[in-house]
Amino acid sequence: MPELPEVETIRRDLHAHLCGSTIHGLSVVHPGVVLGTPETFTDAVVGRRIVGSGRRGKVMWLDLEDGHAIAIHLRMSGQALLVDEGAPRPPHTHLIADLGGRRALLYVDPRRFGRLEIIDPCAPQASVLLRNIGPDALSADLCAETLRTAAAGRRIGIKQFLLDQRFISGIGNIYAAEILHRVPLGPATPAGRVTRAEMERILEQTHAVLGEAIAACGTTLADARYRSALGRSGEFACMLRVYGREGEPCRTEGCTARIQRRTSGGRSTYLCPACQRAGRRRRA
DNA sequence: AAGGCTACCTGTTCGC
DNA sequence: TGCGAACAGGTAGCCT
Ligand SMILES: [Zn+2]
């Protein structure tokens, strides 16, 4: 469930609290969450100090002093939690890192879709978690023209395009819907037919939405499943304009329409039928 | 090669 | 209250 803002919030927590800490011990409770063998993983981290962190899209990593790093992809239900050594362990705790000072880092993941991998951050192509991840949505190098080139000739909807981590990484189902409502542009607009001006607006709104969501420490929905590494909720849910708001009034100034939910390819999307009407595409 | 579908998992909520 | 169905913030791997 975590998208870029939630992963970035967690990374910042971990960075602030773990830099300089040494991993004294590691227990892999469920081997399936680790890429490679648990023994290899354990050998790579035990006794090593954490010296930094990084992130691309929804993948984050903790740099170790020897140049390797622990990469984490939380997928649908993963959590990285920094807890007191003696605190009770939540159900579905699959990995425990002993950090000394009575602290532990837990990897908790009910659905077990998430993965951890020892990587060399300088060689992302060699990493299973990173090799298909394109430029970060907030990267200064990413420009609208690059996205237009990637979208050229594609008939998939622009929403599906934004969700494809090879083209732009970090956007998930919530923020894709929010970005397209703000542009505004219908989610089914063929990616290859998005104009230069529209792609520029998409990138602008991507920066705006993700930036605001990071400032709010991410989106914690009513089910309260997303928490930062320190267990804190995000505050962006009350700022959502379409996601999860089926039947509620559009929050665009002057718009009287109600938000609709549509399903395609097994996923829900939310939109305002008035603001995002096909054929009502704003001119540059 | 693009694009669509399914599998991977568990937990929660919804409709009857 | 019970019970199956639908749904959940993601993506890799197949197939056509
Ligand atoms: Zn509207």
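Every chain is numbered from 1 and lettered A, B, ... according to where its sequence line falls, protein lines coming before strand lines.
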inquiry  = I need the CG-P distance between D164(A) and dG4(B), as an integer number of Å.
reply    = 12 Å

request  = State whether the side chain of Q276(A) and the backbone N or O of L185(A) hold a donor-acceptor pair below 3.5 Å, judged by distance alone.
outcome  = yes

query = Should the pair F167(A) and F161(A) be assigned to parallel (<30°), tilted (30 to 60°) or perpendicular (>60°) ring geometry?
reply = parallel

query = Y243(A) near the nucleic acid: base, sugar-phosphate alone, or nothing, with a heavy-atom cut-off under 4.0 Å?
reply = sugar-phosphate

Give me, pair by pair, the N or O atoms of the protein and of nucleotides 5-9 of chain B that are less than 3.5 Å apart, along with how far apart they are.
unit_1 : atom_1 : unit_2  : atom_2 : d
dC9(B) : O2     : R111(A) : NE     : 2.5
dC9(B) : N3     : R111(A) : NH2    : 3.0

remark   = Contacts of R166(A) and R225(A) projected onto DNA chain B by closest heavy atom; the upstream (5') one is R166(A)

ask   = Between CG of L81(A) and CG of L230(A), what distance do you get to the nearest 0.5 Å?
value = 9.0 Å

ask   = NA contact type, L74(A), heavy-atom cut-off 4.0 Å: base, sugar-phosphate, or nothing?
value = nothing

ask   = Are R196(A) and E145(A) within salt-bridge range, i.e. N to O under 4.0 Å?
value = yes

Rounded distance [0.5 Å steps], CD1 in I96(A) versus OG in S27(A) = 4.5 Å

inquiry  = With nearest nucleotide decided by heavy atoms, which residue, H92(A) or I156(A), maps closer to the 5′ end of DNA chain B?
reply    = I156(A)

task = Pick the P atom in dG9(C) and in dG3(B), then give their distance to the nearest Å.
result = 22 Å

inquiry  = So does I133(A) get a backbone contact from the side chain of S169(A), meaning a donor-acceptor N/O pair under 3.5 Å?
reply    = no

message = Give me the distance, rounded to whole Å, that separates dT11(C) from dA1(B) when you measure between the P atoms they each carry.
response = 23 Å

ask   = Charged N to carboxylate O under 4.0 angstrom, R48(A) versus D66(A)?
value = yes

task = Identify whether M60(A) and L210(A) are in the same connected component of the hydrophobic contact network (ILVMFWY, side-chain heavy atoms under 4.5 Å).
result = no

Co-membership, hydrophobic cluster, residues V45(A) and L106(A), 4.5 Å side-chain = no

inquiry  = Just to be sure I understand the geometry, which residues of residues 143-155 of chain A put a non-hydrogen atom under 4.0 Å away from DNA chain B?
reply    = R154(A), R155(A)

request  = Could you pull out all residues at least two apart from S233(A) that satisfy side-chain hydrogen bond (donor to acceptor under 3.5 Å, both in side chains)?
outcome  = R227(A)

inquiry  = Any residue in residues 117-134 of chain A with a heavy atom nearer than 4.0 angstrom to DNA chain B? Just list them by number, or reply none.
reply    = none

message = So D223(A), base contact, sugar-phosphate only, or nothing? Heavy-atom distance under 4.0 Å.
response = base

ask   = Contact class for T219(A) (heavy atom, under 4.0 Å): base, sugar-phosphate, or nothing?
value = base

ask   = Which of these passes side-chain contact (heavy atoms from CB on, under 4.5 Å) with L105(A): I23(A), I70(A), L18(A)?
value = L18(A)

query = Within the structure, does a side-chain N or O atom of Q160(A) lie under 4.0 Å from either OP1 or OP2 of dG4(B)?
reply = yes

Carboxylate-amine/guanidinium proximity below 4.0 Å for D84(A) and R102(A) = yes

key: Carboxylate-amine/guanidinium contact R241(A) E178(A), below 4.0 Å   = no

note = Atom CZ of F167(A) and atom P of dA1(B) are separated, to the nearest Å, by 13 Å

inquiry  = Under 4.0 Å, counting only non-hydrogen atoms across every strand here, what does Q165(A) touch: a base, just sugar-phosphate, or nothing?
reply    = sugar-phosphate

query = E8(A) versus R55(A): any side-chain heavy-atom pair under 4.5 Å?
reply = yes

note = Between the CZ atom in R11(A) and the CG atom in D13(A), the distance rounded to the nearest 0.5 Å is 10.0 Å

query = Hey, where on DNA chain C does chain A first and last touch, going 5' to 3'? Cut-off is any atom under 4.0 Å from a heavy atom.
reply = dC7(C) to dA12(C)

query = Judged by modelled atom types alone, do T149(A) and T146(A) share a side-chain donor-acceptor pair under 3.5 Å?
reply = no

key: Y107(A) reachable from I119(A) in the ILVMFWY side-chain graph, under 4.5 Å edges   = no

note = Stem ranges of DNA chain B by first residue number, counting only runs of at least 3 Watson-Crick or G-U pairs under 3.5 Å, come to B:2-8 with C:10-16, B:10-16 with C:2-8

